[in-house]
Amino acid sequence: MAVSNLAKIEALLYASGDEGIDLRQIALRTGLELSACRQLVEKIAQNFNKNKDCGLKLLVANDVYRLGTKNELAELVRDYVNDAKPRVLSQAALETVAIVMYNQPITRIEVDDIRGVNSSAILHRLLNQGLLKITGIKQEVGNPKQYGVTNFCLDYFGLKTLNDLPALPKDEVLDDNTSDSLLTRFNEQIDQGKQETKNE
């Protein structure tokens, strides 16, 4: 079944996460003219606004489009996202933190490439929990944000510095083929660090 251009653009908006996507990028990915992309983006915005059963809206700033939640859902979303005291992190969150620790500064797209899935929501949650921070902007197309860990993150995992992380074997790179074994070593090191901190 053929996929409509409207669906393609919605998928790109979702995949772009908090960084968003501009019309030029949409045109490049869909093969459409800029004017056609603009019309479709405006139609998506209208569809969101008209549909009372849809919790999304389209946000635009500096000609960059991204998905957001409707104003009436702000409190619900804020309560979910802004949990400032992380309790037990999910496997996906642990994996994302480990990737950032070993590769910072790192962009969301680079994290996605390693994990093999979109990491926008997890990165946003980790930012709000104070475990990650934005360290700068990478000088490339789209000017993506770069992420790093905070001192609170090191404290949370019982680390004094990033040098306390288990070393990667020589010439090994962190990718989707090595993340599972590395995450095991990361968890073991974190457990040891927490125990040592507890005993101090």
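Please read all numbers here as calculations on a predicted model, not as lab measurements.
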When clusters are formed by joining ILVMFWY residues with side-chain heavy atoms under 4.5 Å apart, either directly or through shared neighbours, do Ile137 and Val111 land in the same one?
-> no
If we only count heavy atoms from C-beta on, is the Arg66 to Ile21 side-chain gap below 4.5 Å?
-> no
Asp63, CG: over 12 other non-hydrogen atoms inside 6.0 angstrom | no
Show the numbers, then the answer: is there a side chain to side chain contact (heavy atoms under 4.5 Å, CB included) between Tyr147 and Leu123?
-> CA-CA 9 Å; Tyr147 298 90; Leu123 286 170; 4.0 Å; yes
Residue pair Arg29 / Lys8, side-chain heavy-atom distance below 4.5 Å | no
Are side-chain heavy atoms of Leu154 and Asn151 found at a separation under 4.5 Å?
-> yes
State whether the side chain of Asn103 and the backbone N or O of Ile106 hold a donor-acceptor pair below 3.5 Å, judged by distance alone.
-> no
I would like to know whether Val141 and Arg24 meet side chain to side chain contact (heavy atoms under 4.5 Å, CB included); could you show each step before the answer?
-> CA-CA 11 Å; Val141 176; Arg24 184 186 60 78; 3.3 Å; yes
Check Ala92 against Ile122 and note the closest heavy-atom contact, atom names and distance.
-> CB-CD1, 3.4 Å
Nearest-0.5 Å distance, CG of residue Leu67 to OG of residue Ser120 | 9.5 Å
Single-linkage hydrophobic cluster, 4.5 Å side-chain cutoff, Tyr65 and Leu28 together | no
For Glu75, does the CD atom have more than 12 heavy-atom neighbours from other residues, nucleotides or ligands under 6.0 Å away?
-> no
Establish whether Phe152 and Leu132 are linked, either directly or via other cluster members, by ILVMFWY side-chain heavy-atom contacts under 4.5 Å.
-> yes
Would Met101 and Leu162 satisfy side chain to side chain contact (heavy atoms under 4.5 Å, CB included), going step by step from the backbone distance to the final call?
-> CA-CA 7 Å; Met101 281 184 171; Leu162 290 176; 4.1 Å; yes
Using the side chain to side chain contact (heavy atoms under 4.5 Å, CB included) rule, take Asp113 and Ile109 through it: C-alpha gap first, then chi angles, then the decisive distance, then the call.
-> CA-CA 6 Å; Asp113 287 342; Ile109 294 297; 4.1 Å; yes
May I ask you to test the Gln146-Ile134 pair for a side-chain heavy-atom distance under 4.5 Å?
-> no
Compare all side-chain heavy atoms of Ile26 with those of Leu32 and state whether any distance is below 4.5 angstrom.
-> no
Of all residues at least two apart in sequence or in a different chain, which pass the side-chain contact (heavy atoms from CB on, under 4.5 Å) check with Asn163?
-> Thr161
Atom pair SG (Cys153) and CG (Leu126), whose distance is rounded to the nearest 0.5 Å = 8.0 Å
Ignoring hydrogens and angles, write down the donor-acceptor pairs under 3.5 Å from the side chains of residues 39-50, residues two or more places apart or on other chains.
{"from": "Asn47", "atom 1": "ND2", "to": "Lys43", "atom 2": "O", "distance (Å)": "3.4"}
{"from": "Asn49", "atom 1": "ND2", "to": "Ala45", "atom 2": "O", "distance (Å)": "3.2"}

Qualifying residues under side-chain contact (heavy atoms from CB on, under 4.5 Å), relative to Ala15, sequence neighbours excluded = Asn118
Report whether Tyr14 and Val60 are members of the same hydrophobic cluster (ILVMFWY, side-chain heavy atoms less than 4.5 Å apart, transitive linking).
-> yes
Those residues at least two apart in sequence (or on a different chain) that pass side-chain contact (heavy atoms from CB on, under 4.5 Å) with Leu34 are Leu23, Ala27
Flag, side chain of Asn143 to backbone of Gln139, donor-acceptor distance under 3.5 Å = no
Using the salt bridge (charged side-chain N to carboxylate O under 4.0 Å, His left out) rule, collect all pairs that involve residues 128-146, keeping only residues at least two apart or in two chains.
-> Glu110-Lys138, Lys138-Glu140
Do Leu59 and Val64 come within less than 4.5 Å of each other through their side chains, counting heavy atoms only?
-> no
Between atom OG of Ser16 and atom CD of Gln25, what is the distance when rounded to the nearest 0.5 Å?
-> 8.5 Å
side-chain hydrogen bond (donor to acceptor under 3.5 Å, both in side chains) filter on Asp112, not counting sequence neighbours, yields Arg108, Ser119
For Leu56 and Lys70, the nearest pair of non-hydrogen atoms, with its separation, is O-CE, 3.1 Å
